[in-house]
2 protein chains.
Amino acid sequence: MGQGEAAVTTRTSDSAIVRATAPDLAGRPPASDCPLRDVLDRIGDKWSTLTLGTLASGPHRFSVVQRAIPDISKRMLTQTLRGLERDGLIARAVFPTKPPSVEYRLTPLGFTILEPLGALVQWADEKHAAIKAARSAYDASN
Amino acid sequence: MGQGEAAVTTRTSDSAIVRATAPDLAGRPPASDCPLRDVLDRIGDKWSTLTLGTLASGPHRFSVVQRAIPDISKRMLTQTLRGLERDGLIARAVFPTKPPSVEYRLTPLGFTILEPLGALVQWADEKHAAIKAARSAYDASN
DNA sequence: GCCTATGGTCTCTTTTAGTAACCTTGTAGC
DNA sequence: GCTACAAGGTTACTAAAAGAGACCATAGGC
């Protein structure tokens, strides 16, 4: 690292390391304008991906979505749906029935996230066993 | 929905709708054993992806990672690194220098997540403008 | 002596998630 | 006529998590 290829690093001027090895992250805008951060703040939470996944199969009403994600509360579902709507990923339509029914559906923009999201789901399915094994091993050695 | 193809839904027995339209989610285990949930609880938080992204460029010491992600606190970084280590995505190595230095690097398993994660980053970059536009529009119409 | 750097931990405060009760309006049951 | 229930939320309250900042041991530089 410092010089040569010492595996055991001694004190070095780290600013050089930072410049040399983390360019793609340093190149990104620091905070609020970083697309990655912005997206992860949206879909990275506990419920957004599950909500998108539910709506992927077609438009659904509020209560249907809630039943599809059993352990979400009304409050969190409302909040999640509002957030996704605000970002243009889903659309909300109110029908003047009595009592009124509300339907949520993916927008064209919303559909485009299903592909990268699907890649992640696939990774999760494939590696879940390995992750659980690593977790057990870690907890065992404490 | 209920019968016919009425766009304006009246009261229907929703259990039928649930069964008909949300099968892929209903098919997943309800909570703790769902791979998607499990993975999202890990990498879905605010810092994990950024940490993985930083370590994607090579092994780094604690303080280097911290400087690469400017607004993370030591506490959160420690917690994030521990979590990723526990799940086998990164490895931790302590070198007995004075003061001791600690190096973190992706494991083979950790490297495999970079591809699906990359897809998401690309999506974020591509759609960021559209998302921000949708957000402005939503906030404007309030 | 004092400040710096290492990789953390500990405590405290603030933010966020989650729970449960309530709201409105109309229909159904009794 | 009274109670109950459905829809899609909102509101108040509580539990959990995130974040800020001080502290620790040890050694080197000035």
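Residue numbers start from 1 in every chain, and the chains themselves are labelled A, B, ... in the order their sequence lines are given, proteins ahead of strands.
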Task: dG7(C) OP1/OP2 closer than 4.0 Å to side-chain N/O of R82(B) - done: no
Open item on the list: Counting neighbours of CD on E115(B) that are heavy atoms of other residues, nucleotides or ligands and sit closer than 6.0 Å, is the number greater than 12?
Closed with: no
- [ ] Look at Q66(B) and dG7(C) and indicate whether a side-chain polar atom (N or O) is within less than 4.0 Å of OP1 or OP2.
- [x] no
Open item on the list: Rounding to an integer number of Å, can you tell me how far I69(B) CD1 sits from dG19(D) P?
Closed with: 12 Å
- [ ] Round to the nearest Å and state the distance from I72(A) atom CD1 to dG8(D) atom C1'.
- [x] 14 Å
- [ ] Return the 5'-most residue of the pair F62(A), K74(B) with respect to DNA chain D, ranking by each residue's nearest nucleotide.
- [x] F62(A)
- [ ] Sequence neighbours left out, what passes side-chain contact (heavy atoms from CB on, under 4.5 Å) with R105(A)? Give chain and number order.
- [x] P59(A), A91(A), E103(A)
Open item on the list: Measure CG/L81(B) against C1'/dT9(C) and give the value in whole Å, please.
Closed with: 15 Å
Open item on the list: Measure CZ/R67(B) against P/dG7(C) and give the value in whole Å, please.
Closed with: 8 Å
Task: Side-chain N,O (R75(A)) to OP1/OP2 (dA20(C)) below 4.0 Å - done: no
Task: Spacing between K46(A) atom NZ and dA18(D) atom C1', to the nearest angstrom - done: 15 Å
Open item on the list: OP1 or OP2 of dT6(C) versus the side-chain N and O atoms of R61(B): is any pair under 4.0 Å?
Closed with: no
Open item on the list: I want to check one thing: is the phosphate of dA17(C), taken as OP1 and OP2, less than 4.0 Å away from some side-chain N or O of W47(A)?
Closed with: no
Open item on the list: Is the shortest side-chain heavy-atom distance between D38(B) and K132(A) below 4.5 Å?
Closed with: yes
- [ ] Give a yes or no on whether V39(A) and Y138(B) share a hydrophobic cluster (residues Ile, Leu, Val, Met, Phe, Trp, Tyr; joining criterion: side-chain heavy atoms under 4.5 Å apart).
- [x] no
- [ ] Using atom CG of L40(B) as one end and atom P of dA17(C) as the other, report the distance to the nearest whole Å.
- [x] 15 Å
TODO: Output yes when a side-chain donor or acceptor of T107(A) lies under 3.5 Å from a complementary backbone atom of G88(A), and no otherwise.
DONE: yes
Task: Among dG18(C), dA27(D), dA7(D), the one nearest P99(A) by side-chain distance - done: dA7(D)
- [ ] Let me know the distance between CG of D45(A) and P of dA17(D), rounded to the nearest Å.
- [x] 15 Å
Task: Side chain of S63(B) - closest among dA17(C), dA7(D), dG7(C) - done: dG7(C)
Open item on the list: How many whole angstroms separate atom CG of L77(A) from atom C1' of dA20(C)?
Closed with: 16 Å
